[in-house]
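A short write-up of the structure that comes next.
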Amino acid sequence: MGATSYFTLFTVLSVFTALFSIIYQAYLASSDLRSLTTILQNLKTLEYEFKVDKPRVAIGYGSCSDLYVKAVDFLNFTSNVEESLKQATFNVDDITNENEFLQSFAYYFQRGAAAERFTANKTLFQNLVRLAKKAQNADPRWALGGNAPVIGSRLATEGAEVILAAKMSSKLQSHLRADVRLTGSLIDDDDIHLILEYKTGDEWGTLKSPRANRYILHNDHHNPYISSLEEFEQALPGFEPHLFVVSGLQMMDNYFYEKGVRETRIEKVRNQMISQFPSTLIHFEMASFVELDLLQLLLRDVIPYSDSIGMNEQELDNLRQVLETGKISLVADCNPRVALSLDQARAVFRILNEDYFKHRESDPSRRMISRIHLHTLAYQAIMVVKDSKWRHTKNAAAKASLTANRHVCASSIVNPDASYRLLDDSFATSTKQGADRIPFSEADPVSCWNETFAFEWQPPMDVQICVAPVLICKVAKQTVGAGDNISGAGLILQI
């Protein structure tokens with residue numbers, strides 16, 4: 001066979017291979033789309049299986065005005081920035097100047113980890129806000145912020161009657177849903193949070209983000225003192241909430257108080273929790289904490305009086321570390337395996353409830369943790385004590401999953417073609433040898449099973465665990481507030 005014939009044959013084979021590759025990729029894409037569509041339909045069936053009966057929800061504390069910017073466009077990477085990062089110690093606990101701010105951002109950006117940090121340097125913060133307002137290339141925009149207003153708005157959207165503990169300006173209040181009753185007085189100046197958002201694969205100098213997330217910087221002066229607490233107290237009698245939500249306490253992280261002031265404010269939060277009827281469920285929403293002293297205060301005065309805790313993978317790892325080692329965990333795997341997350345949730349559940357059993361006779365106001373909701377990029381996991389007051393766990397996991405997509409994509413419609421699934425076709429229930437594996441089913445996408453916990457000197461406790469896949473938004477439009485919306489959506493079907 002001549003050289004020309006060999007060349008012709010090679011050309012034909014190359015064209016055939018290319019065509020086969022195109023057809024095969026199209027087949028895979030079509031198969032994935034069919035699979036995601038089926039999953040979506042079955043998640044929505046679970047979401048709308050039960051009707052919401054307008055529960056009453058009281059939620060605190062605080063609010064802010066969020067200023068969003070695109071991180072990599074706002075923080076223009078220059079030779080000065082590069083030199084700053086080369087000298088970085090990544091001391092993320094105390095941001096006093098611009099270099100420490102950039103180092104702190106870099107630390108979390110390259111890990112794709114959510115972070116919320118305080119700076120006592122008012123001049124630095126005001127300068128960054130001023131620059132962000134004018135940074136048209138970074139697409140600046142304003143929105144109502146704060147854990148409590150966002151969770152409250154989600155619950156109201158889903159049919160709850162909501163009262164909110166927050167002080168805000170009349171301008172900011174105009175962005176609050178009209179059916180959310182504000183209990184705090186109006187103020188002239190809102191606390192501002194500077195929110196630097198980034199997408200999966202965003203590059204900043206030599207750093208690259210493994211997932212979409214956000215970095216928040218604040219210099220609050222209202223929220224750290226929970227200034228709306230007393231007016232909230234006056235509004236609670238007669239409301240008799242079905243659910244009481246505590247959130248926003250991370251604003252007390254790394255704040256410079258006079259001696260004893262922070263402890264006194266947190267004790268007042270505890271007293272407000274204790275004053276609720278035994279029939280009122282209490283949920284505590286975790287957040288990004290870096291100060292061990294504050295977390296220890298919460299473990300003493302807030303978490304023991306809660307029925308439920310909501311958190312992401314970073315916050316779960318942090319809480320577990322503090323409980324087991326007494327040390328803070330700054331970052332964790334941004335895409336943890338189901339088995340690892342469930343082991344961490346079990347550890348938190350066991351330690352907190354062992355403490356409850358130990359102290360319940362001497363402190364009858366304490367509550368057993370009967371619900372843990374973990375929200376991650378790839379899945380929602382909810383652990384609930386069986387025969388407790390929490391209802392419809394499987395449906396709540398499905399709703400939380402769909403809410404994650406809707407919020408991040410900034411659309412009320414979940415589009416399978418603009419989504420993808422990261423949860424594997426099967427997953428282990430634990431990292432321990434011999435653990436069960438749960439096969440994923442498109443027809444029944446939320447996997448639920450029962451487990452039994454044994455406690456010393458206590459009857460065994462049965463729990464139900466449900467894991468739902470998240471249809472992840474391919475192009476993230478917003479990540480701030482995702483956890484709050486997800487938590488609110490999960491709670492509404494369980495109260």
Side-chain angles (χ1 to χ4, degrees), residues 64-143 145-146 190-220 250-251 253-254 287-288 290 312 314 330-332 334-335 377 408 410 473 475-483:
C64 63
S65 185
D66 284 344
L67 174 56
Y68 294 79
V69 288
K70 294 178 180 178
V72 296
D73 296 316
F74 175 59
L75 300 179
N76 184 32
F77 197 90
T78 64
S79 57
N80 289 337
V81 172
E82 186 174 18
E83 188 62 31
S84 172
L85 295 184
K86 285 179 181 178
Q87 301 170 5
T89 59
F90 294 121
N91 179 13
V92 297
D93 290 349
D94 191 13
I95 298 172
T96 62
N97 56 51
E98 185 176 337
N99 281 348
E100 289 174 349
F101 162 61
L102 294 174
Q103 292 166 16
S104 176
F105 171 79
Y107 181 83
Y108 292 100
F109 173 81
Q110 64 186 316
R111 293 163 172 83
E116 192 164 0
R117 295 293 170 261
F118 167 78
T119 176
N121 188 334
K122 186 175 182 179
T123 302
L124 167 67
F125 185 76
Q126 290 179 335
N127 186 49
L128 289 171
V129 169
R130 179 180 58 80
L131 292 172
K133 289 178 181 178
K134 298 190 299 182
Q136 295 304 314
N137 64 315
D139 194 21
R141 59 187 177 88
W142 293 90
D190 296 299
D191 287 335
I192 294 174
H193 288 191
L194 178 59
I195 299 172
L196 291 82
E197 291 202 304
Y198 50 86
K199 298 177 182 178
T200 303
D202 271 2
E203 296 181 4
W204 190 57
T206 58
L207 307 180
K208 186 175 182 178
S209 170
R211 60 161 287 186
N213 226 318
R214 78 289 188 277
Y215 180 98
I216 304 174
L217 188 69
H218 72 93
N219 178 245
D220 286 5
Q250 74 276 13
M251 295 299 101
D253 214 347
N254 278 320
S288 180
V290 293
N312 65 23
Q314 307 288 330
L330 293 176
V331 293
C334 63
N335 291 313
L377 177 71
V408 176
C473 187
V475 181
K477 300 292 181 63
Q478 54 186 5
T479 60
V480 170

How close do Gly112 and Cys334 get, heavy atom to heavy atom, and via which atoms? O-CB, 3.8 Å
Pairwise distance CG(Leu128) to CG(Asn219) - rounded to 0.5 angstrom: 10.5 Å
Parallel, tilted or perpendicular, judged at 30° and 60°: which one describes the rings of Tyr108 and Tyr215? tilted
Smallest heavy-atom separation, Pro210 atom then Thr200 atom, equals O-CG2, 3.6 Å
Working to the nearest 0.5 angstrom, can you tell me the gap between Asn97 CG and Leu102 CG? 9.0 Å
Would you please name every residue forming a ring-ring contact (aromatic ring centres under 6.0 Å, His included) with His193, sequence neighbours left out? His218
Leu124 vs Glu98, test: side-chain contact (heavy atoms from CB on, under 4.5 Å). Steps then yes/no. CA-CA 7 Å; Leu124 167 67; Glu98 185 176 337; 4.2 Å; yes
Using side-chain heavy atoms (C-beta onward) and a distance below 4.5 Å, is Lys133 in contact with Trp142? yes
In Glu197, Lys199, Arg211, Arg214, the residue satisfying side-chain hydrogen bond (donor to acceptor under 3.5 Å, both in side chains) with Thr479 is Glu197
OH on Tyr68 to CG on Asp139, rounded to 0.5 Å: 12.5 Å
Centroid-centroid under 6.0 Å between Phe105 and Trp204 rings: yes
Ile95 vs Asn121, side-chain contact (heavy atoms from CB on, under 4.5 Å): CA-CA, chis, key distance, verdict: CA-CA 8 Å; Ile95 298 172; Asn121 188 334; over 6 Å; no
A side-chain contact here means heavy atoms from C-beta on lying under 4.5 Å apart; do Phe118 and Val290 qualify? no
Between the main-chain N or O of Asp73 and the side-chain N or O of Asn137, is there a donor-acceptor pair closer than 3.5 Å? yes
So, taking the atom named CD in Glu100 and the one named OH in Tyr107, what distance separates them when rounded to the nearest 0.5 Å? 15.0 Å
Kindly compute the distance separating NZ (Lys70) from CG (Asp202), expressed to the nearest 0.5 Å. 9.5 Å
Is it the case that the side chain of Gln314 and the backbone of Val331 share a donor-acceptor pair, with hydrogens and angles ignored and the cut-off at 3.5 Å? no
Heavy-atom pair with the smallest gap, counting every atom of Pro140 and Ala135: CD-O, 3.0 Å
Side-chain heavy-atom pair Asn127, Arg130 within 4.5 angstrom cut-off: yes
Atom pair CG (Asp220) and CG (Asp253), whose distance is rounded to the nearest 0.5 Å: 11.5 Å
Which heavy atom of Asp66 sits nearest to which heavy atom of Gly146, and what is that distance? OD2-N, 4.3 Å
Do you know which two heavy atoms are closest between Phe125 and Leu217, and how far apart they sit? CE1-O, 3.2 Å
Residue pair Ala482 / Val408: nearest heavy atoms and the distance that separates them: CB-CG2, 4.2 Å
